[in-house]
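Reviewing the structure listed below.
Residue numbers start from 1 in every chain, and the chains themselves are labelled A, B, ... in the order their sequence lines are given, proteins ahead of strands.
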Amino acid sequence: MEINYLEELNPEQRVAVEHINGPVVVLAGAGSGKTRVLTYRIAHLLKNNIDAFNILALTFTNKAAREMKERISKIVGEKEAKNLWMGTFHSVFARILRFESEKIGYPSHFTIYDTDDSRNLLKTIIKELSLDDKVYKPSLIHNRISGAKNSLINANAYLNDAQIQADDRQSSKPLLGEIYRRYETRCFKAAAMDFDDLLFKTCVLLQQFPEVLYKYQEKFKYILVDEFQDTNFAQYSILKQLAARFENICVVGDDAQSIYAFRGATIRNILNFKQDYPDMVTYKLEQNYRSTKNIVNAANSIISNNRQQLHKTVWTDNEEGQKILVFRTLTDNEEGLTAAQQIFEFKNNFQLHNRHFAILYRTNAQSRAFEEALRKVNIPYKIYGGFSFYQRKEIKDVLAYFRLTINNNDEEALKRVINFPARGIGDTTIDKLILCANDHASGLWTVLENLDEFNLGINSGARNRIIDFVTMIKSFASMAAQSNAFEIGNHIAKQSGILKDLYDDKSPEGLSKYENIQELLNGMKEFSSPVPVPTSPNGSPTEKEASAPNEIPVDSEGIGNDLSLTSFMQDIALLTDSDKKDGEEERDTVSLMTIHAAKGLEFQVVFIVGLEENLFPSQMALNTRADLEEERRLFYVALTRAQKHAILSYSVSRYKWGNRFDCEPSRFIEELNEKYLDFKQAGRQENSGFGQNRQGWNRAGQGNINDFWKKNGNQQSKPKNGTELNPTIPKVPSIEGKKLIKVNPQQGIPGNYSTASELNIQVGMEVKHQRFGLGKVINMEGGYPNQKATVFFHEAGQKQLLLKFAKLELVK
DNA sequence: GTGTAATGCTATTGG
DNA sequence: AGCATTACAC
């Protein structure tokens, strides 16, 4: 089953694959087969007898790494591909840090603080310094510290940098450096690293320990980096150090798709690369295989408005394709309905399935209108990104117990659970404990363990309750040492009182929380069931324990038979939704996500929605040209996700914080060359049978751009920066809103609505629940998506159910 | 210390 | 509108 991979490449791709040694830059336009080049390049290295053990490939998501590994397996065999190190910067270097952590004073079981943890700690510190958290906003401080770390500036350097200090005084935050210093020591004492530390500390490790650097240079003789345009300085510095010995480094990227400057990414890295590796060879991939001519050309037309770019001409041999549809709607809800309706029509007209559609938006908050509309017409969808399972309160609570069990010094975990469920250790007591820990330069846990040695001034009741808590955590720890993740996890969920607490809570929210924890435990059970380890050719098991006193961890995933809680928790903090293994059922669903999350993906039909000034481009990005250019690149990324059809939409009004705001069309629509566009009015579709031609708007069907801007009262005036538009318009629909012929998908689309969509459930209906059986709806309350139904079940009696979780079926 | 009602803030983008 | 923090009653 040998695949002749080289023959599947065009000449440019092929030279990029075959150029094995030395520094290589591949400038890969959108849709030019970047992933294919990377995949085949790795396969090619392996075919040329380079050991998988010596290859490091850094990708943007772990999912991308996994998929690439699978494809490589198909070419060179699983056995070969298994030892490849592939993953994100964060996950790969977290793994290395765990292995080497003691050199920089951390235990290997260090905690990874997520954004919430970091911000909470900063909040605590700001309070301790008696500073105003309106001036020192934790999120802003966090961004600033994050920026410093990404530029490899530690707290000491920060405090000693005259320019930075002047800046902070200028913005009346002179104590920012002091906050940073305290944050740094607090994290260290808590044996915790934040996301930025994973890169920062890796740099420190490699800089300060030449023998460690040497070891990994020797290991990673061949380095590949995907999405190089989105690396920051810390990441670049890691790469530079690792590659310094052999200089076999291949970076792949597209400056036109650089969309992460806000977290420190800089295309300067490409320029640095040229300086640092004078004999670097550049290959350009300019042929787009993904999209129609119309889409490629439209994308080119928009990106040409950017001043800052490397020269590249993306072209395609594909068909001309349909023009890009542009929809104007009156409200955000109508925008949702329009998308749903268009999906319906496209499915009919072009034989497409749900999975061929994506709806892309600028901010997560925009998803609501689309969810609602898709639910109404029973089109299944999946939201990527946004709130993940691991960010739910109840899950974080349980995880905090796990974290504290593994790492007693984890201050944020301790604060989270010491009084949850409530056990009479209140804020005053906790403040005293923290204060004491600060005063004595000892960790919080040390204070808890040795209460009587400190002069705390807490009452004996609190003292005893703390002692009980400490005893409990210690018992967890000793049990964890000899049980698998599921056993101890289950034990902790019960003994901590969390499960009981939620079990007693019979509200629908409580029930769903309870079920979420059960789901977590199910996951742990799966993790804890030993996978039969395939015997490797030499007969020895391949898991990492077998090679325990090793110089280097064997692979990047730690697959093996370590079923402990510690092992389970290892990378939880780094998991994101898109990293989740594609679940059991690969369902046919429409994808909803932010444009950032869509990076690297492609769909037959792509909706880019909310194209309005102050939303896209974002209001935050209107101040500088650089920011605006990044928004434009973001739009470029969005448009180039589309293979066959692209649909743009904007609404003339939108609800925000419960109020209606007027909106103006995005400048990006105007920047697109008109000849690629087809202006449509929402609700008006030929042969669709619903909606009607509206007098005066787009009667000809094909819009003209002059009409278009005129109709929107926007012919001359460009939207002014940051102008808030009539923020106080009352919630009543405007006159214009009343004139609107409502698109009603329930009537308009001859679909099948017999499945019980939660929106269809009404008082009096007979329903069936998986567990409770048959019952009658006696009350409905709450709005979508938190609709609650009170149902009287014949067997189980009266229950309140949250419709988004309870899968009720209608009984005819 | 705990639980509930009123208040006020928020919505870039993400590992 | 929805969530988190704060204020206040118990």
| message | Using the rule side-chain hydrogen bond (donor to acceptor under 3.5 Å, both in side chains), only one of A/K599, A/R263, A/H596 pairs with A/D230; which is it? | response | A/K599
| query | OP1, OP2 of B/dG15 versus side-chain N and O of A/S91: anything below 4.0 Å? | reply | no
| field | Side-chain N or O of A/N364 closer than 4.0 Å to phosphate OP1/OP2 of B/dT13 | value | yes
| Distance between C1' atoms of C/dA4 and B/dT13 (Å, rounded) | 23 Å
| said: I want to check one thing: is the phosphate of B/dT10, taken as OP1 and OP2, less than 4.0 Å away from some side-chain N or O of A/K137? | reply: yes
| A/W657 has an atom CH2; how far is it from atom C1' of B/dG8, in whole Å? | 12 Å
| request: Could you say whether A/K134 or A/M620 is positioned toward the 5' end of DNA chain B, judged by the nucleotide with the nearest heavy atom to each? | output: A/K134
| said: Without decimals, in angstroms, what is the distance between A/R119 CZ and B/dG15 C1'? | reply: 13 Å
| request: Flag the pair A/E612 / A/I669 as yes when at least one side-chain heavy-atom distance between them is below 4.5 Å, and no otherwise. | output: no
| said: Taking side-chain hydrogen bond (donor to acceptor under 3.5 Å, both in side chains) as the criterion, tell me which of A/T124, A/D410, A/D117, A/D427 meets it with A/K415. | reply: A/T124
| message | Base, sugar-phosphate or nothing for A/Y260? Non-hydrogen atoms, less than 4.0 Å. | response | sugar-phosphate
| request: Take the protein atom CZ of A/F195 and the nucleotide atom C1' of B/dG15, then report the distance between them rounded to whole Å. | output: 5 Å
| request: Round to the nearest Å and state the distance from A/Q229 atom CD to B/dG14 atom C1'. | output: 15 Å
| query | Looking for any heavy atom pair under 4.0 Å, which part of the strands does A/K599 touch: base, sugar-phosphate only, or nothing? | reply | nothing
| remark: Looking only at B/dT13, B/dG15, B/dA11, the nucleotide nearest the A/F262 side chain is B/dT13
| task | Pick the C1' atom in B/dA11 and in C/dT6, then give their distance to the nearest Å. | result | 23 Å
| Qualifying residue for ring-ring contact (aromatic ring centres under 6.0 Å, His included) with A/F616, from A/Y650, A/F668, A/Y361 | A/F668
Short heteroatom pairs, N/O only, protein and nucleotides 1-3 of chain B, under 3.5 Å:
unit_1	atom_1	unit_2	atom_2	d
B/dG1	OP1	A/T429	OG1	2.2
B/dG1	OP2	A/T428	OG1	2.7
B/dT2	OP1	A/G424	N	2.7
B/dT2	OP2	A/N419	ND2	3.0

| said: Angle between ring planes, A/F661 versus A/W657, binned at 30° and 60°: parallel, tilted or perpendicular? | reply: perpendicular
| Just checking, any donor-acceptor pair under 3.5 angstrom between side chains of A/D505 and A/S507? | yes
| task | Could you check how far CD of A/Q366 sits from C1' of B/dT10, rounded to whole Å? | result | 16 Å
| said: Heavy atoms from C-beta onward define the side chain here; which of B/dG15, C/dT5, B/dT13 lies closest to that of A/R263? | reply: B/dG15
| request: Without swapping roles, check the side chain of A/S653 against the backbone of A/L330 for a donor-acceptor pair under 3.5 Å. | output: yes
| request: Would you tell me whether A/S118 and A/Y183 have side-chain atoms, one donor and one acceptor, within less than 3.5 Å of each other? | output: yes
| Choosing from B/dT13, B/dG14, B/dG15, which nucleotide comes nearest the side chain of A/A597? | B/dG14
| Rounded distance (Å) that lies between atom P of B/dA11 and atom CZ of A/R660 | 24 Å
| field | d(CG, A/D196; P, B/dG14) in whole Å | value | 16 Å
| request: Give the rounded distance in Å between these two atoms: CD of A/Q391 and P of B/dG14. | output: 10 Å
